[in-house]
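To start, the structure itself, in structure tokens.
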Amino acid sequence: MIVTRFAPSPTGLLHLGSAHAALFAWTKARAAGGRFLLRIEDIDIQRCRPEYTEAIIADLRWLGIDWDGDIRIQTEHVADYDAAISDLAGRGLAYRCWCSRADIEAHASAPHGPEGPVYPGTCRHLSAAAQSAHKGEKFAWRLDVEAALRVTGALPRDPRPFGDVVIGRKHTPGSYHLCVTHDDAVQGVTMVTRAVDLEAATAIHNLLQLLMGWPVPDYEFHKLLTNPDGSRLAKRDRAVGIRALREEGRSSAEVRAMAGFAGV
Ligand code: GLU
């Protein structure tokens, strides 16, 4: 049975672009008699707000989108993400990193990857003495991608352009890549649907799935909705907000059509 999900981060109100993502996943599941899940990806505790979670849920209901089972809230599962990181670290596949963003950007040779400057590997092989010099300081966990590939062998999608991605952040538990793949596995998601801008990240997700023994789901990528001038829809732009359209008196059928799903 097909299981899809919508996994918004509550950093703002639902807009037409996120409604498109939700409707894409929901119609895939419903058309096939499958299950559709809702997950709130709120591990970025500095940017996510509970009031946005409430608003997203209310706007989805208003749009006529229903989900199966309980809503999964990522911040309720921090211990599980920590356990996955410990597992990888215990196998020598993850290491502690004390670098700041400025340290990485200042590194002249850092090439640019899909997510910004590629981590130059400064903390990858720090001696025990060098590590203890950082005692008490906050650190991130990074995946040692080369070491990981020695375990899995080459993959159809090459994760190396990302460099050693963060799997546990300094100030938040886990990271997007770790938590999204962990949760898709534990929730039994069989088809991951997301916008094309996240397609490249599949390389990292597949690597984590193979390392952790998690099933590799099918993937489908949908377009990103844009403004008439071609620019990306922004959460802060009221004109494309579901809440604002509703307050203007639009019906949910009209808004579904504006999000690219007329007649569903
Ligand atoms: N939580 C992610 C976001 O809001 C999307 C989850 C995913 O499909 O990867 O952008």
Side-chain angles (χ1 to χ4, degrees), residues 7 9 39 41-46 48 72-104 107 110 113-155 157-187 189 192 198 200-217:
S9 298
R39 180 167 77 230
E41 301 210 326
D42 60 343
I43 49 148
D44 186 346
I45 44 184
Q46 283 156 338
C48 296
R72 182 177 172 97
I73 311 279
Q74 286 194 324
T75 47
E76 294 173 1
H77 300 277
V78 170
D80 297 336
Y81 309 133
D82 282 345
I85 294 169
S86 300
D87 181 337
L88 291 165
R91 289 149 66 196
L93 302 175
Y95 59 88
R96 291 177 177 83
C97 170
W98 285 271
C99 295
S100 66
R101 190 180 295 253
D103 292 335
I104 298 166
H107 207 276
E115 294 183 326
V118 170
Y119 183 61
T122 321
C123 295
R124 193 184 296 126
H125 299 297
L126 285 190
S127 64
Q131 293 203 26
S132 62
H134 289 290
K135 205 161 186 283
E137 291 172 34
K138 288 216 176 287
F139 57 88
W141 284 103
R142 287 186 181 273
L143 185 66
D144 185 337
V145 169
E146 288 293 345
L149 283 170
R150 285 195 289 277
V151 173
T152 62
L155 301 182
R157 296 177 192 256
D158 186 4
R160 285 174 301 183
F162 283 84
D164 289 351
V165 290
V166 170
I167 54 170
R169 297 207 168 277
K170 274 187 190 169
H171 299 284
T172 65
S175 76
Y176 161 66
H177 296 304
L178 182 90
C179 299
V180 81
T181 39
H182 174 279
D183 286 3
D184 285 335
V186 300
Q187 291 193 283
V189 171
V192 169
L198 286 172
T202 313
I204 291 294
H205 301 172
N206 289 160
L207 181 60
L208 286 168
Q209 286 151 354
L210 292 181
L211 291 174
M212 298 302 295
W214 293 331
V216 178

Heavy atoms, side chains only, cut-off 4.5 Å: are [X] and [Y] in contact?
| X | Y | answer |
| --- | --- | --- |
| Phe139 | His134 | no |
| His77 | Cys179 | no |
| His125 | Tyr95 | no |
| Val192 | Val180 | no |

Please report the shortest heavy-atom distance between [X] and [Y], naming the atom on each side.
| X | Y | result |
| --- | --- | --- |
| Lys138 | Trp98 | O-CD1, 3.4 Å |
| Pro117 | Ile104 | CB-CG2, 4.2 Å |
| Ala185 | Pro215 | CB-CD, 4.2 Å |
| Tyr119 | Cys97 | OH-SG, 3.3 Å |
| Ala147 | Gly92 | CB-O, 4.2 Å |
| Pro161 | Pro114 | O-CD, 3.4 Å |

(request) Begin from the C-alpha positions of Thr181 and Met212 and carry the test side-chain contact (heavy atoms from CB on, under 4.5 Å) through to its verdict. (result) CA-CA 10 Å; Thr181 39; Met212 298 302 295; over 6 Å; no
(request) Give a yes or no on whether a salt bridge exists between Arg169 and Asp44, defined as a side-chain N under 4.0 angstrom from a carboxylate O. (result)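 Answer for the salt bridge query: no.
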Atom pair [atom1]/[atom2] of [X] and [Y] - distance to nearest 0.5 Å:
| X | Y | atom1 | atom2 | result |
| --- | --- | --- | --- | --- |
| Arg96 | Leu126 | CZ | CG | 11.0 Å |
| His177 | Thr202 | NE2 | OG1 | 10.0 Å |
| Arg157 | His205 | CZ | NE2 | 11.0 Å |
| Leu178 | Gln74 | CG | CD | 9.5 Å |
| Ile45 | Thr75 | CD1 | OG1 | 8.5 Å |
| Asp144 | Leu149 | CG | CG | 9.5 Å |

(message) Can a donor-acceptor pair be found, under 3.5 Å and without considering hydrogens, that links the side chain of Lys170 to the backbone of Cys99?
(response)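 Flag set: sc Lys170 to bb Cys99 pair under 3.5 Å.
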(request) Look only at the side chain of Ser175 and the backbone of Val166, and say whether a donor-acceptor pair between them is shorter than 3.5 Å. (result)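 Here the side-chain-to-backbone pair exists.
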(request) Check the pair Leu208 / Leu88 against side-chain contact (heavy atoms from CB on, under 4.5 Å), numbers first and verdict last. (result) CA-CA 9 Å; Leu208 286 168; Leu88 291 165; 4.1 Å; yes
(message) If we check side-chain contact (heavy atoms from CB on, under 4.5 Å) with Leu143, which of these qualifies: Val165, Asp164, Ile85?
(response)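 It is Val165, the one option of Val165, Asp164, Ile85 that forms the side-chain contact (heavy atoms from CB on, under 4.5 Å) with Leu143.
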(message) Quick one, Leu198 with Tyr176, criterion side-chain contact (heavy atoms from CB on, under 4.5 Å). Give me CA distance, side-chain angles, the key distance, then yes/no.
(response) CA-CA 11 Å; Leu198 286 172; Tyr176 161 66; 3.6 Å; yes
(request) Taking atom types as modelled, find out whether Asp103 and Ser100 have a side-chain donor-acceptor pair closer than 3.5 angstrom. (result)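 Yes - a donor-acceptor pair under 3.5 Å links their side chains.
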(message) What I want to check is whether the side chains of Arg72 and Gln187 have a donor and an acceptor closer together than 3.5 Å.
(response)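 No pair is found: no donor N or O on one side chain lies under 3.5 Å from an acceptor on the other.
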(message) side-chain contact (heavy atoms from CB on, under 4.5 Å), that's the test. Do Ile43 and Glu41 meet it? Break it down for me.
(response) CA-CA 6 Å; Ile43 49 148; Glu41 301 210 326; 5.8 Å; no
